[in-house]
There are 4 protein chains.
Amino acid sequence: MPRLKEEQLQKIYEERKQQITLAAVKIFAQRGLPGTKISMITSKAGVSHGLFYHYFKTKEELFISLVREAVETSMQEIGNLSHLTASPIEKIRILTQGMLDESGAPYFMLLHRARNFEEVPEEVSQLIQNYPIEIYVERLLPIFQEGQQRGEVAGGNLTEMIANYLTVISGVMVLGSGYPTPQIDWLMRLVEKK
Amino acid sequence: MPRLKEEQLQKIYEERKQQITLAAVKIFAQRGLPGTKISMITSKAGVSHGLFYHYFKTKEELFISLVREAVETSMQEIGNLSHLTASPIEKIRILTQGMLDESGAPYFMLLHRARNFEEVPEEVSQLIQNYPIEIYVERLLPIFQEGQQRGEVAGGNLTEMIANYLTVISGVMVLGSGYPTPQIDWLMRLVEKK
Amino acid sequence: MPRLKEEQLQKIYEERKQQITLAAVKIFAQRGLPGTKISMITSKAGVSHGLFYHYFKTKEELFISLVREAVETSMQEIGNLSHLTASPIEKIRILTQGMLDESGAPYFMLLHRARNFEEVPEEVSQLIQNYPIEIYVERLLPIFQEGQQRGEVAGGNLTEMIANYLTVISGVMVLGSGYPTPQIDWLMRLVEKK
Amino acid sequence: MPRLKEEQLQKIYEERKQQITLAAVKIFAQRGLPGTKISMITSKAGVSHGLFYHYFKTKEELFISLVREAVETSMQEIGNLSHLTASPIEKIRILTQGMLDESGAPYFMLLHRARNFEEVPEEVSQLIQNYPIEIYVERLLPIFQEGQQRGEVAGGNLTEMIANYLTVISGVMVLGSGYPTPQIDWLMRLVEKK
DNA sequence: TATGAATGAGTATTCATTCAT
DNA sequence: GATGAATGAATACTCATTCAT
């Protein structure tokens, strides 16, 4: 019985933590670190503000862990591309889709905020510096190279093109709901061979 | 005698106000309304915090006036395009250049922040609602139409294309210094006839 | 379980609020709105300044609610007179006593300050305008009339006499501790039939 | 010629000083020391706020000098009564009139504020303590005594009656414009022999 | 675990006062 | 003498965080 109870508690613990985290991602993404008040997170999560501190040490700590999660997720998604059985251009399309996808956007937005704006905790700066755009470019290079060889991807300096491409997609993703989201096919014009 | 003195005072007044405003635009653009502290603005402007309140009623009031200025400037720049003697595709290139230009970026960033993020004062929401993307699209439509007729601009629904194009350019601009800025020629692939 | 806890919290809430309110009334009465610093209130109430804002939105809001309370209390006290079984002149004496009573004085002082001095919030001005002296006069008129009929109250225009009488009592009350407080019997000379 | 110029300057100096002083008395009387902003005084006086400091060292210094002036004036007015050729009750009536007179009221109000309310500078406290009500009572005693002997003034303890009387008149005076001002004849009921 | 009362560091804002012109 | 730009101490208010229950 104590075992059961413990398990239940554990389950509640995880559920609550997830509940607060989900609320936090969205609000951090939309308002940034200084614009996000603990009360916004807890009221969106439907719990008291005191409860926040049962699950997280500080607001910054949560922000840091979210950014870390975002970095890891994004690296992983790129890694997953290699294992797909699809043509290079298809992989690029899938990546684009994934980045613009509603569910992923908040995490990317968080990364963006960490990368550019706010006064972020030192730990976040470190994290971001360890994963500069160049790393993403490097990981994507094989896919683009194969695409170029196959004649699917436009010619030119690939390192530059991938960086530019990431910039554009990130930018679109960051803009959020105030702007229309372009069709993926249209965006593909940037990399497809004419 | 009083005339001269008055002029001098007027000059000092305008200079100081400008000095504080310039500091504020950059910081607001980078950190947003809640992330910007008065002390950041005044220390960057090299004045005491007290002086801020000699020139502006509140932090929000300054933010509002800057957003208003940004809205007006951006509308004006689009208006100016019509008067140029250049081909449509050239005009689009010039607009792109202008938007990505370093000096204009902070203002666009401000607009972006006002449009998406922060808890902005009601007055700003109003302002932004009065100038949705659609208005910009509408103003640019004649240029794109002419471009399409001349075979310079790709085919398809122009209203949609312009909106998408603005989204991409805005996104790139908003990303700022953490990302590489794409070459304009490369971005033009999105609208040029292949 | 939750029931009990809720009640306790409710009790603490009310007690603290009362504690702060009591401290505030006295200080507002003595020093007025601009002369009263939050720190005066909270240190007199023995709580941190932060707690003040847990219970009240702003200093002004508290002032407003206190003035409202004062208005209501004073109207009520006058209303209560009618239900007493006492001769008219006795009722007037009781009213006088009540107004000069130490415990009621701060509230009247607040009313006085709201009526005359300070830059008060619009809401207070409204409140005060809705309860001019004339309303008090009107409510007291029946008592004085009966007194005059019975030969207890001096002759003459009663509306004027009551207004004057209220002025004198209010004035005495407002002066506070710096001046000797006259005996009630002596003050009654103003309205008693010689 | 330099003499003349000096005189003129002197005249301007005195005029400006008077102009500011007059504005200050009224505002201090109405709003008290903390409720009075330098800008209120100077804008009412129609001068720049900087000019205030050509004529007065600090806001407090002006307040002190005004209270001193008020004390002296009030003592003087009471002293003047003795030299009048009028019956005692007439003198009391004249005193009452003088105190309630519009022009004198602000000074009395200042005294009142100094006596009761605000956090006043030590110097003011001293001044006020040196001139307690008792001194006024003492100075008025001969007049009331003569009045009692002549049968014009009601019987009873005169020291007490005078103190009470001063309290009532001060109170009425202090109330100011929010209340009706009683007729002097009616107030005289308090001291006249029935 | 859950709540909300309580605290205090940090910020925005006001306003007396100084000073160059 | 006169003005208003400039400063900084004082004050109102916010919000992350702690803690008793």
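Here is how names work: the chains are called A, B, and so on, in the same order as the sequence lines, proteins then strands, and each is numbered from 1.
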Show which side-chain atoms of residues 19-26 of chain C pair as donor or acceptor with protein atoms under 3.5 Å away, not counting sequence neighbours.
unit_1	atom_1	unit_2	atom_2	d
C:Gln19	OE1	C:Arg16	NH1	2.9
C:Gln19	NE2	C:Ala45	O	2.8
C:Thr21	OG1	C:Lys17	O	2.6

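- With sequence neighbours left out, B:Glu69 forms a side-chain hydrogen bond (donor to acceptor under 3.5 Å, both in side chains) with B:Tyr107.
- Here chain B contacts DNA chain E (any atom closer than 4.0 Å to a heavy atom, that is under 4.0 Å), and the contacts span E:dT11 to E:dT21 from 5' to 3'.
- Position along DNA chain F of the nearest nucleotide to C:Thr36 versus B:Gly46 favours B:Gly46 as the more 5'-ward residue.
- Distance B:Ile38 CD1 to F:dT14 C1': 15 Å, rounded to the nearest Å.
- Taking atom CG of B:Leu33 as the reference point, atom P of F:dT14 lies 15 Å away to the nearest angstrom.
- Shown here are the salt bridge (Lys or Arg N to Asp or Glu O under 4.0 Å) partners of A:Lys57, two or more places apart in sequence or in another chain: there are none.
- Every side chain to side chain contact (heavy atoms under 4.5 Å, CB included) that B:Glu14 has, sequence neighbours left out, goes to B:Gln10.
- Helical stems involving DNA chain F, defined as 3 or more consecutive Watson-Crick or G-U pairs under 3.5 Å, span E:2-21 with F:2-21.
- Side-chain contact check for C:Gln30 versus C:Met109: every heavy-atom pair is 4.5 Å or farther apart.
- Listed by residue number, B:His49, B:Gly50, B:Leu51, B:His54, B:Tyr55 are the residues of residues 49-62 of chain B with a heavy-atom contact under 4.0 Å to DNA chain F.
- For the atom pair C:Lys37 NZ and C:Lys59 NZ, the distance stands at 5.5 Å (nearest 0.5 Å).
- With sequence neighbours excluded, the residues that form a side chain to side chain contact (heavy atoms under 4.5 Å, CB included) with B:His49 are B:Ile38, B:Thr42.
- No side-chain heavy atom of B:Ile41 sits under 4.5 Å from any side-chain heavy atom of B:Val47.
- With rounding to whole Å, B:Gln10 atom CD is found 17 Å from F:dT3 atom P.
- Near DNA chain E, meaning a heavy atom under 4.0 Å from it, residues 13-27 of chain B has no residue at all.
- Across all strands shown, A:Thr42 has no heavy atoms under 4.0 Å from either base or sugar-phosphate atoms.
- Residues satisfying the side-chain hydrogen bond (donor to acceptor under 3.5 Å, both in side chains) criterion with C:Glu122, sequence neighbours excluded, are C:Gln126.
- Remark: B:Tyr55 pairs with no residue by the side-chain hydrogen bond (donor to acceptor under 3.5 Å, both in side chains) rule, at least two apart or across chains.
- To the nearest 0.5 Å, atom CD of residue B:Glu61 and atom OH of residue B:Tyr53 are 11.0 Å apart.
- Between C:Ile12 and D:Ser39, it is C:Ile12 whose nearest contact on DNA chain E lies nearer the 5' terminus.
- Remark: D:Ser43 engages no residue in a side chain to side chain contact (heavy atoms under 4.5 Å, CB included) (not counting sequence neighbours).
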